[in-house]
Engineer: 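Mind looking over this structure? Questions follow.
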Amino acid sequence: MKLFIDSGNLKEIEILVPLGIIDGITTNPSLLAKEGGDYRALLKRICQLVKGPTSAEVVATDVAGMLREGRDLRGIDEHIVVKVPFTKAGVEACKTLASEGTRVNVTLCFSATQALIAAKVGATYISPFVGRLDDIATSGMDLIQDIVDIYENYQFKTEVLVASVRHPIHVVQAARMGADICTCPAAVIEAMFKHPLTDIGLEKFLKDWEKAQGVAR
Ligand code: E4P
């Protein structure tokens, strides 16, 4: 399963990329707004660091505007994936952008029917938001299983990009279900590293070694 960072923050990206486990980045208008500054320069820098698919979202809500913004965004760097919201306009824009060879991430997916429609118009990625579904007492991960099953039934090439991830259990469940990608906030990726028994075990190994070295001297 591929691991993306859901962030527009350069510091977070610079810390995690050297670990060699990051396959791409997702941003959204809220995440980029938090960073401020020139969003085009920021996206370019992120692409240079990650050298992998980097989603940048349109903010237009009509088809012509989405196409204009999408074509402009993809011009920033070869790694840019144009993100469009799941609306009728987004679906239409996805069809056109995909036919031009642009990779499209259809975002704000909250149902299996939306995922089916996105696959039919050639989306490269579908982004179901699991955490926001959990927030309204609906299982986000059940939606992932539905989409994985449906795409498998028809051999759709669209990749399931699990979004709105809130904790490492979402990641484990997504991997068990065979989702293609999990995009996680940096804090979730940091949490995936942690186990108290690893820390305790390492501390003991080092202490024992130090003790033995002292005795030998
Ligand atoms: C996905 O691409 C979105 O940027 C993101 O996962 C949304 O997550 P949130 O629900 O934590 O805002």
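Just so we're clear, the structure is a prediction, and the values are computed from it rather than from any experiment. We count ligands from 1, going down the list as the structure has it; atoms in each ligand are counted the same way.
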Engineer: Under 4.0 Å from ligand 1, counting heavy atoms only, is it the side chain of S164, its backbone, both or neither?
Structural biologist: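 It is both parts that get close, each with some atom under 4.0 Å.
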
Engineer: Nearest to atom 7 (C) of ligand 1, what protein heavy atom do you find, and at what distance?
Structural biologist: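 For atom 7 (C) of ligand 1, the nearest protein heavy atom is F129 CE2, 3.6 Å.
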
Engineer: Flag yes if more than 12 heavy atoms outside I169 fall under 6.0 Å of its CD1 atom; otherwise flag no.
Structural biologist: no

Engineer: Under 3.5 Å between some N or O of ligand 1 and some N or O of N28?
Structural biologist: yes

Engineer: Provide, to 0.1 Å, the distance between atom 2 (O) of ligand 1 and the closest protein heavy atom, together with that atom's residue and name.
Structural biologist: K83 NZ, 2.6 Å

Engineer: Which ligand 1 atoms, with their elements, are less than 4.0 angstrom from a heavy-atom of A163?
Structural biologist: 1 (C), 6 (O)

Engineer: With sequence neighbours excluded, what pairs up with F129 under the ring pair (Phe, Tyr, Trp, His ring centres under 6.0 Å) test?
Structural biologist: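 F129 satisfies ring pair (Phe, Tyr, Trp, His ring centres under 6.0 Å) with F110 once adjacent residues are dropped.
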
Engineer: Between K204 and D208, is the closest basic N to carboxylate O distance under 4.0 Å?
Structural biologist: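 Here D208 pairs with K204 in a salt bridge, since their nearest N and O are under 4.0 Å apart.
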
Engineer: Within the supplied structure, the quantity of interest is the number of heavy atoms (other residues, nucleotides, ligands) at a distance under 6.0 Å from E92 CD; does it exceed 12?
Structural biologist: no

Engineer: Under a 3.5 Å distance rule, please check whether Q173 uses its side chain to pair with a backbone N or O of M141 as donor and acceptor.
Structural biologist: no

Engineer: For atom 5 (C) of ligand 1, what's the nearest protein heavy-atom neighbour? Residue, atom name and distance, please.
Structural biologist: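 For this ligand atom, the closest protein heavy atom is D6 OD2, 2.8 Å.
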
Engineer: Pick from V91, T158, V84, V121: which one makes a side chain to side chain contact (heavy atoms under 4.5 Å, CB included) with V104?
Structural biologist: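 In the set V91, T158, V84, V121, the residue that makes a side chain to side chain contact (heavy atoms under 4.5 Å, CB included) with V104 is V84.
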
Engineer: Short N/O distance, under 3.5 Å, between R166 and ligand 1?
Structural biologist: yes

Engineer: Should T107 be listed as contacting ligand 1, given a heavy-atom distance under 4.0 Å as the test?
Structural biologist: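 No heavy atom of T107 comes that close to ligand 1.
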
Engineer: Please report which non-hydrogen protein atom sits nearest to atom 12 (O) of ligand 1, along with the residue it belongs to and the distance in Å to one decimal place.
Structural biologist: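 Heavy-atom neighbour on the protein nearest atom 12 (O) of ligand 1: R132 NH2, 2.8 Å.
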
Engineer: Taking only heavy atoms of T26, which atoms of ligand 1 are found under 4.0 Å from at least one of them?
Structural biologist: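 Near T26, the atoms of ligand 1 are 2 (O).
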
Engineer: Is it possible for you to say whether I150 and M177 belong to one hydrophobic cluster, with membership spreading through side-chain heavy-atom contacts below 4.5 Å?
Structural biologist: yes

